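Since the structure is predicted, the reported quantities are computational estimates derived from the model, not experimental observations. We name chains A, B, ... by the order of the sequence lines, and we start the count at 1 in each one.
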Protein chains: 2
Amino acid sequence: MTDPSAPPRFRLRVVFGPEDWMGPGKAELLEHIAQSGSISAAGREMGMSYKRAWQLVEAMNEMFREPLVHSSRGGAHGGGAVLTPAGLAVLEEYRGLEDTARRAGAAHIERLHSMLRDIPDGK
Amino acid sequence: MTDPSAPPRFRLRVVFGPEDWMGPGKAELLEHIAQSGSISAAGREMGMSYKRAWQLVEAMNEMFREPLVHSSRGGAHGGGAVLTPAGLAVLEEYRGLEDTARRAGAAHIERLHSMLRDIPDGK
DNA sequence: GCTCGATATGTTTCTTCGGGAATAACGGAA
DNA sequence: TTCCGTTATTCCCGAAGAAACATATCGAGC
């Protein structure tokens with residue numbers, strides 16, 4: 001989850017309620033599902049157990065009016081999962097939020113960064 | 001930590017490295033220390049153990065070039081803690097970042113919010 | 001109808017995190 | 001010099017959550 005090699009500068013979680021929130025992990029999971037067409041493959045790519053990946057998917061499917069991920073069992077390759085239009089919309093909205101917030105707060109972040117003891121890197 | 005009564009809409013963590021980050025909890029702790037003049041009182045007010053509060057203070061003091069909290073033992077009332085100028089600066093910078101990011105992303109958040117299954121409240 | 005790969009779900013084990021208790025140090029004030 | 005309330009630090013333990021393991025289910029294709 002927390003990538004030790006290239007740490008993200010910015011983590012943003014939108015909290016709607018005690019059980020309902022949208023954050024970086026879920027967004028990344030949606031992206032991997034969209035790309036791989038599989039929950040298990042997405043989890044594997046993220047170093048996340050299938051169970052946890054599935055739990056996150058279930059949580060997202062329940063918190064939004066329409067499910068974000070459509071999954072199917074059996075069949076030619078055992079099954080798979082795809083993003084619904086709602087899933088794609090939520091993902092893009094979240095990514096847009098991240099970009100917007102990051103750009104708007106860049107000056108603040110830079111100022112905080114410059115106050116650190118050991119600056120990890122100039123850029 | 002997660003307030004059940006009035007859930008915040010927005011949680012923002014600036015990650016500088018695996019060990020170094022600044023988030024809502026640390027910011028709130030700084031505020032309570034500034035107000036109460038005591039680490040233990042601040043922790044108590046936040047429903048946080050003294051141990052944890054102190055650990056967070058230590059982490060902040062080490063990650064920034066200058067310590068954010070100056071603490072002293074003994075004396076008239078047993079001791080206390082105050083924010084250094086650096087502490088005040090970091091706090092204000094973080095709050096500024098939060099405000100800026102929240103305002104900039106308000107439209108995105110509102111759109112995500114409207115896609116929820118059960119909208120907690122109209123406003 | 002058997003196989004295969006992925007979804008779906010339960011069970012058990014393990015690790016991590018934080019709380020709580022216990023203790024020491026400190027220094028002004030009575 | 002004794003008292004007091006806070007900082008500082010260590011140790012033990014329980015709860016929470018993730019990981020690991022174990023099955024069951026499904027459906028196209030062979």
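Going from atom CG of A/L56 over to atom P of D/dG17 covers 13 Å, rounded to whole Å. Distance B/M48 CE to C/dC17 P: 16 Å, rounded to the nearest Å. A/R52 has its CZ atom 17 Å from the P atom of C/dG10, to the nearest Å. One can place CD1 of A/I33 at 8 Å from P of C/dT7, the figure rounded to the nearest angstrom. One can place CG of A/N61 at 13 Å from C1' of C/dA8, the figure rounded to the nearest angstrom. Rounding to whole angstrom units, OH of residue A/Y50 and P of D/dA19 are separated by 15 Å. When rounded to the nearest whole Å, the span between CZ of A/R44 and P of C/dG5 equals 11 Å.
Residue A/W54 has no polar side-chain atom (N or O) positioned under 4.0 Å from OP1 or OP2 of C/dT7. In this structure, B/S71 does not reach the D/dT6 phosphate: none of its side-chain N or O atoms is under 4.0 Å from OP1 or OP2. Between C/dT7 and A/S40, a contact under 4.0 Å exists linking OP1 or OP2 to a side-chain N or O. A/R73 has no side-chain polar atom (N or O) that falls below the 4.0 Å cut-off from OP1 or OP2 of D/dT25. Close to C/dT7, at under 4.0 Å from its OP1 or OP2, lies a side-chain N or O of A/S38.
A single hydrophobic cluster is seen to contain both A/L88 and B/L112, as judged by linkage of ILVMFWY side chains at heavy-atom distances under 4.5 Å, directly or through other members.
As judged by a 4.0 angstrom heavy-atom cut-off over every strand, A/G79 is placed among residues touching the sugar-phosphate backbone only.
In plain terms, the two heavy atoms of B/T100 and A/A104 that are nearest each other are CG2-O, 3.3 Å.
Of the two residues contacting DNA chain C, namely B/S49 and B/H77, the nearest-nucleotide position lying further toward the 5' end is that of B/S49. Between B/A76 and B/G37, it is B/A76 whose nearest contact on DNA chain D lies nearer the 5' terminus.
Side chain of A/R65 to main chain of B/R117: no donor-acceptor pair is present (N/O by atom type, distance under 3.5 Å, no hydrogens or angles). Formation of a donor-acceptor pair under 3.5 Å by the A/T84 side chain with backbone atoms of A/L68 is found in this model.
Side chains of B/S40 and B/S38: a donor on one and an acceptor on the other come within 3.5 Å.
Considering only the side chain of A/K51, C/dT9 comes nearest among C/dT9, D/dA8, D/dT6.
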